[in-house]
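Structure first, then comments.
Here the structure is a predicted model, which is why all the values come from computation and not from measurement. Position 1 is the first residue of the sequence, and the numbers go up from there.
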Amino acid sequence: MLVVLHETFPQHTFLMNGLIQGVKGFLSFMCAPLIGALSDVYGRKSFLLVTVFFTCVPIPLMRISPWWYFAMISVSGAFSVTFSVIFAYVADITQEHERSTAYGLVSATFAASLVTSPAIGAYISTFYGDNLVVLLATVVALLDICFILLVVPESLRDKMRPNFWGAPISWEQADPFASLKKIGKDTTVLLICITVFFSYLPEAGQYSSFFLYLKQIIGFNQGSIAAFIAVVGILSIVAQTVFLSILMRSIGNKNTVLLGLGFQMFQLAWYGFGSQPWMMWAAGAVAAMSSITFPAVSALISRNTESDQQGVAQGMVTGIRGLCNGLGPALYGFVFFLFHVELGGLVPVPSSDDKTTKGAVIPGPPFLFGAVAVLLAFMVALFIPEHNSHSTKNNAGGKHSISSNPQTNNPDRSSDEDIEPLLQDTSV
């Protein structure tokens with residue numbers, strides 16, 4: 001993608017990349033609550049099909065028309081909310097105590113795709129050219145769409161869905177700004193969303209520039225980058241399947257989130273101060289452990305959300321992540337610019353001649369800014385109440401413990417009907 005971007009906008013490659021990601025992220029933020037609310041009413045399968053289709057449709061345009069490709073990839077941000085629909089789907093078909101493991105498996109399969117696709121793409125590109133890479137990616141996308149259409153069943157029970165597509169939905173739930181108002185009204189939602197924002201902002205910026213940083217500043221070659229992605233991906237799979245389940249059972253949901261944020265903070269600081277390839281490899285192992293944060297946060301949200309609002313809640317968090325996808329690359333690019341770390345070319349810079357890393361005390365300043373942002377997320381997460389720490393033991397339906405004592409939890413229901421927080425704060 002960066003090669004096509006450089007060929008199309010040779011003078012403003014990374015500026016245009018930031019603009020494209022910014023538009024995509026803003027559209028994701030605007031549309032994620034809407035798609036989540038619609039999936040709560042009309043079912044998950046239809047919107048899973050729509051989000052996957054529009055996420056993948058720009059791929060063949062990469063070789064047909066680069067201008068249309070970048071236009072479509074920007075607009076596709078409106079539908080780049082597949083994860084929120086998937087997590088709501090998982091919540092529909094699993095029991096509460098199974099969800100953290102299920103979310104870990106979903107994230108692990110995503111990591112598995114990251115393990116295989118860069119290595120396959122690099123190999124095919126080297127020996128057969130980029131056209132075959134685009135063709136293969138298009139075929140895989142079509143197979144994915146066919147799989148959803150023919151094999152994946154609907155997860156939402158029929159009694160929770162209307163019989164026709166003209167049924168009304170709560171547009172207040174679909175409005176992203178109404179969702180922001182609800183965030184301010186509910187302590188738990190506010191804390192979780194601030195945590196997601198400050199933890200995912202540096203992660204989004206890291207995705208946009210990290211592999212180019214490894215290539216130009218640290219001196220990794222194409223094969224080393226593919227191997228790095230593979231090793232970190234494999235370790236992430238282990239972390240999200242084996243360690244996540246153990247940690248959720250032993251230390252609880254909230255502490256698992258805090259541990260993941262701690263690993264992320266350490267990893268970003270190591271990236272920031274590291275100037276040798278072995279340091280990047282070591283920090284990559286820590287990065288794999290930090291991958292437990294997002295499935296743990298998703299489980300925390302899901303277990304405190306009513307069954308008919310799973311799509312809205314997950315869509316709200318996905319919208320915030322989409323906003324970070326727009327802001328993160330711009331933030332990292334600006335910090336690189338401030339510290340005169342140049343990532344302007346697409347040709348690897350030999351490490352022996354790299355004056356930037358040799359002369360700089362901090363080779364990667366944006367990663368240190370990211371570590372500070374994650375520290376803020378960690379401090380905010382400390383105040384998230386550990387829901388279900390008591391209610392799960394006393395009530396098999398954890399989240400339904402709110403309705404078991406309506407007089408205590410809802411003294412002024414008539415005056416607060418317009419608020420209706422998405423996540424019920426049992427600690428209050």
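Although no hydrogens or angles enter the test, the distance criterion places no donor-acceptor pair under 3.5 Å between the side chain of Ser65 and the main chain of Leu61. Between the side chain of Lys45 and the backbone N or O of Val152 there is at least one donor-acceptor pair closer than 3.5 Å. Remark: side-chain polar atoms of Arg44 are not paired, donor with acceptor, to backbone N or O of Ser155 under 3.5 angstrom. With hydrogens and angles ignored, the 3.5 Å screen pairs a side-chain donor or acceptor of Lys254 with a backbone N or O of Ile384. Side chain of Asn253 to backbone of Val297: no donor-acceptor contact under 3.5 angstrom is found.
The side chain to side chain contact (heavy atoms under 4.5 Å, CB included) search around Ser199 returns Leu261, Gln264, Ala377, not counting sequence neighbours. In this structure Ser290 satisfies the side chain to side chain donor-acceptor pair (under 3.5 Å) test together with Gln267, sequence neighbours excluded. Every residue two or more places apart in sequence or in another chain was checked for a ring-ring contact (aromatic ring centres under 6.0 Å, His included) with Phe369, and none qualifies. Residues satisfying the side chain to side chain donor-acceptor pair (under 3.5 Å) test with Tyr200, not counting sequence neighbours, are Asn325. Applying the side chain to side chain contact (heavy atoms under 4.5 Å, CB included) rule to Ser245 yields the partners Thr101, Arg249; only residues at least two apart in sequence or on another chain are considered. Partners of Tyr123 under the ring-ring contact (aromatic ring centres under 6.0 Å, His included) rule, at least two apart in sequence or in another chain, are Phe127. Phe198 pairs by the ring-ring contact (aromatic ring centres under 6.0 Å, His included) definition with nothing, not counting sequence neighbours. Under the side chain to side chain contact (heavy atoms under 4.5 Å, CB included) criterion, Leu49 pairs with Ile145, Ile148, Leu149, not counting sequence neighbours. Considering only residues two or more places apart in sequence or on other chains, Thr55 meets the side chain to side chain donor-acceptor pair (under 3.5 Å) condition with none of them. Take Ser224 and apply the side chain to side chain donor-acceptor pair (under 3.5 Å) test, not counting sequence neighbours, and it matches Asn221.
Annotation for Leu191 and Phe383: closest pair CD1-O, 3.2 Å, computed over non-hydrogen atoms. When all heavy atoms of Val232 and Ala288 are compared, the closest pair comes out as O-CB, 3.8 Å.
When ring centroids are compared, Phe47 and Phe53 stay outside the 6.0 Å threshold.
Side-chain contact check for Pro295 versus Leu244: some heavy-atom pair is nearer than 4.5 Å. For the pair Gln206/Tyr271, a side-chain contact is recorded, criterion being any heavy-atom separation below 4.5 Å from C-beta on. Side-chain contact check for Ser76 versus Val57: every heavy-atom pair is 4.5 Å or farther apart. Contact of the Ser107 side chain with the Phe87 side chain is registered, since non-hydrogen atoms from C-beta on lie closer than 4.5 Å. Inter-residue side-chain proximity for Pro153 and Tyr89 is flagged as met; some heavy-atom pair is nearer than 4.5 Å.
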Tabulate below the donor-acceptor pairs under 3.5 Å that side-chain atoms of residues 128-140 make, not counting sequence neighbours, or state none.
{"unit_1": "Asp130", "atom_1": "OD1", "unit_2": "Ser125", "atom_2": "OG", "d": "2.5"}
{"unit_1": "Asn131", "atom_1": "OD1", "unit_2": "Arg63", "atom_2": "NE", "d": "2.8"}
{"unit_1": "Thr138", "atom_1": "OG1", "unit_2": "Val134", "atom_2": "O", "d": "2.8"}

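A ring pair (Phe, Tyr, Trp, His ring centres under 6.0 Å) check over residues 227-246, counting only residues at least two apart or in different chains, returns the pairs Phe210-Phe228, Phe228-Trp281.
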Item to complete: Might you work through the side-chain contact (heavy atoms from CB on, under 4.5 Å) test for Lys24 and Ile73, ending with a clear yes or no?
Response: CA-CA 7 Å; Lys24 186 177 180 180; Ile73 204 170; 4.2 Å; yes
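To the nearest 0.5 Å, atom CE of residue Met265 and atom CG of residue Leu368 are 12.5 Å apart. Here the straight-line distance linking atom OG1 of Thr195 with atom CG of Leu258 works out to 8.5 Å at 0.5 Å rounding.
Cation-pi check for Arg321 over Phe197 is not met; the charged atom does not lie both under 6.0 angstrom from the ring centroid and within 45 degrees of its normal.
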